[in-house]
Q: 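Let me begin by handing over the structure; questions about it come next.
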Amino acid sequence: MKAVYIVNDVKVAKVLVDPMRRAILDLLRQRPMTQAGLANELGLTGASLNHHMKILRSKKLVTIFKREVERHRIMQIFFSSVAYLFVYDLDSLPKNIARYFNPISLERARAAVSLLLLYNKELSAYDIEQSPDTINAISENLSRYLVMAAKYYEKQVINHGNESYVYEIYGKAMANLLNEGKKWVSLVQNKKG
């Protein structure tokens with residue numbers, strides 16, 4: 001599967017607005033599964049899962065990984081996600097679609113800032129205002145940096161369960177965000193001085 005898929009197509013984004021479809025892709029990035037296995041794991045009926053799979057397959061977000069004949073001569077079809085990581089290019093999507101992915105970006109930014117505040121004494125130099133406007137700005141910038149970093153990995157092919165590229169992508173995005181923060185701090189200090 002591809003290491004990363006940058007979601008910048010409105011039709012694909014509309015499909016991924018549904019959290020159950022994102023949950024299906026999340027399970028299929030970890031390991032190939034049959035529809036029955038997915039339905040069991042997600043607590044869905046076979047018909048409900050089939051509906052979601054048809055939609056995901058129509059946008060080529062899942063593929064057949066392998067076919068296997070079990071001992072009762074029943075063909076089992078194992079599905080896989082087409083990519084390990086889905087990154088949403090919120091700037092390329094209409095606001096009415098992008099807003100569905102904003103909570104994901106916001107929680108990602110809150111986690112990053114919380115970890116930095118907890119483990120990095122030097123972060124006090126950034127003087128991060130703890131307000132909705134600030135975290136929203138950080139969230140938007142982090143999303144942009146994730147897209148920028150992900151572009152270098154679009155053609156990489158990886159195995160199921162391989163987190164290493166995800167950490168590289170996030171690491172590069174965070175490094176860019178921190179560099180931006182340093183520039184911002186020095187601009188503020190220069191204006192004060």
Side-chain angles (χ1 to χ4, degrees), residues 1-90 92-93 97-109 111-112 139 142-143 145-174:
M1 81 176 79
K2 290 172 32 174
V4 67
Y5 184 112
I6 298 173
V7 179
N8 53 14
D9 180 297
V10 176
K11 292 176 184 173
V12 172
K14 283 182 180 179
V15 165
L16 295 177
V17 162
D18 188 298
M20 187 56 68
R21 294 187 196 123
R22 292 193 309 267
I24 290 168
L25 291 174
D26 184 54
L27 286 172
L28 292 177
R29 80 176 167 76
Q30 296 172 43
R31 68 181 186 282
M33 297 178 76
T34 63
Q35 282 197 198
L38 280 166
N40 184 50
E41 189 79 24
L42 294 166
L44 296 175
T45 64
S48 181
L49 182 77
N50 193 44
H51 167 75
H52 289 295
M53 289 295 285
K54 280 183 182 178
I55 293 170
L56 289 168
R57 289 184 74 190
S58 75
K59 298 300 176 207
K60 297 179 175 39
L61 296 172
V62 295
T63 61
I64 294 175
F65 182 76
K66 70 177 177 177
R67 298 172 196 266
E68 191 175 278
V69 178
E70 59 180 29
R71 65 182 182 170
H72 301 293
R73 297 202 177 277
I74 296 174
M75 176 69 72
Q76 292 290 338
I77 300 172
F78 290 80
F79 294 92
S80 174
S81 173
V82 295
Y84 195 84
L85 176 65
F86 288 82
V87 174
Y88 304 96
D89 185 351
L90 302 180
S92 70
L93 300 173
I97 301 296
R99 71 183 166 92
Y100 286 99
F101 304 105
N102 284 338
I104 297 167
S105 298
L106 187 58
E107 289 308 309
R108 186 183 297 140
S139 172
L142 182 55
S143 291
Y145 287 131
L146 276 172
V147 171
M148 288 170 48
K151 286 181 181 179
Y152 295 102
Y153 295 87
E154 282 185 293
K155 294 186 182 277
Q156 296 288 329
V157 176
I158 64 171
N159 295 322
H160 293 87
N162 184 350
E163 287 282 317
S164 62
Y165 284 108
V166 175
Y167 297 133
E168 284 182 36
I169 292 167
Y170 272 78
K172 288 178 181 181
M174 286 300 300

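Here the structure is a predicted model, which means the values were calculated and not measured.
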Q: With sequence neighbours excluded, what pairs up with N40 under the side-chain contact (heavy atoms from CB on, under 4.5 Å) test?
A: none
Q: In the structure I gave you, are the side-chain heavy atoms of F101 and V17 within less than 4.5 Å of one another anywhere?
A: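 The answer is yes; the side chains approach within 4.5 Å.
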Q: Step by step, would you call Y165 with V4 a side-chain contact (heavy atoms from CB on, under 4.5 Å)?
A: CA-CA 9 Å; Y165 284 108; V4 67; over 6 Å; no
Q: Can you tell me how far OH of Y88 sits from CD1 of I104, rounded to the nearest 0.5 angstrom?
A: 5.0 Å
Q: What is the distance from atom OG1 of T45 to atom NE2 of H51, rounded to the nearest 0.5 Å?
A: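 Taking OG1 in T45 and NE2 in H51, the distance rounds to 10.5 Å.
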Q: For L93 and V7, work out which heavy atoms get closest and say how close.
A: CD1-O, 4.3 Å
Q: Out of curiosity, L25 CG to L85 CG, how far, rounded to the nearest 0.5 Å?
A: 11.5 Å
Q: Not counting sequence neighbours, which residues clear side-chain contact (heavy atoms from CB on, under 4.5 Å) with K66? List them please.
A: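 Partners of K66 by the side-chain contact (heavy atoms from CB on, under 4.5 Å) criterion, ordered by chain and then number, come out as E68, F78.
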Q: Test: salt bridge (Lys or Arg N to Asp or Glu O under 4.0 Å). Region: residues 48-65. Which pairs qualify, not counting sequence neighbours?
A: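 Every pair satisfying salt bridge (Lys or Arg N to Asp or Glu O under 4.0 Å) with a residue in residues 48-65: there are none.
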Q: So, for R108 and S143, which heavy atoms are closest and what is the spacing to 0.1 Å?
A: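 Closest approach of R108 to S143, heavy atoms only: NH1-OG, 4.1 Å.
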Q: Take M75 and V69 through the side-chain contact (heavy atoms from CB on, under 4.5 Å) test and state the conclusion after the steps.
A: CA-CA 4 Å; M75 176 69 72; V69 178; 3.8 Å; yes
Q: Is the closest side-chain heavy-atom distance between H160 and F65 below 4.5 Å?
A: yes
Q: With sequence neighbours left out, what residues match E163 under side-chain contact (heavy atoms from CB on, under 4.5 Å)?
A: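 E163: side-chain contact (heavy atoms from CB on, under 4.5 Å) contacts with R29, Y84, V166, Y167.
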Q: A39: what forms a side-chain contact (heavy atoms from CB on, under 4.5 Å) with it, not counting sequence neighbours?
A: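 side-chain contact (heavy atoms from CB on, under 4.5 Å) check on A39 returns L49.
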Q: Kindly give the heavy-atom pair with the smallest separation between A173 and A149, and that separation in Å.
A: N-CB, 4.3 Å
Q: Which value, rounded to the nearest 0.5 Å, describes the distance between R99 atom CZ and N102 atom CG?
A: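 One gets 9.5 Å once the value is rounded to the nearest 0.5 Å.
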Q: Output every pair passing side-chain hydrogen bond (donor to acceptor under 3.5 Å, both in side chains) with a member in residues 4-22, not counting sequence neighbours, ordered by first then second residue.
A: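 Those involving residues 4-22 are R21-H52.
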Q: Give, for atom CG of D26 and atom CZ of F86, the distance between the pair rounded to the nearest 0.5 Å.
A: 10.0 Å
Q: Identify the two heavy atoms, one from L44 and one from S48, that lie closest to each other, and give their separation to 0.1 Å.
A: CD2-OG, 3.9 Å
Q: Are the side chains of L16 and L61 in contact, using a 4.5 Å heavy-atom criterion?
A: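 Answer yes - side chains close enough.
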Q: Which pair of heavy atoms, one from D89 and one from V147, lies closest together, and at what distance?
A: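 Closest pair (atom of D89, atom of V147, distance): CA-CG2, 3.7 Å.
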Q: For residues E41 and M33, report the shortest heavy-atom separation together with the two atoms involved.
A: CB-CE, 4.2 Å
Q: Nearest 0.5 Å please: distance from the OG atom of S80 over to the CD1 atom of I64.
A: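 If we round to the nearest 0.5 Å, S80:OG and I64:CD1 are 11.0 Å apart.
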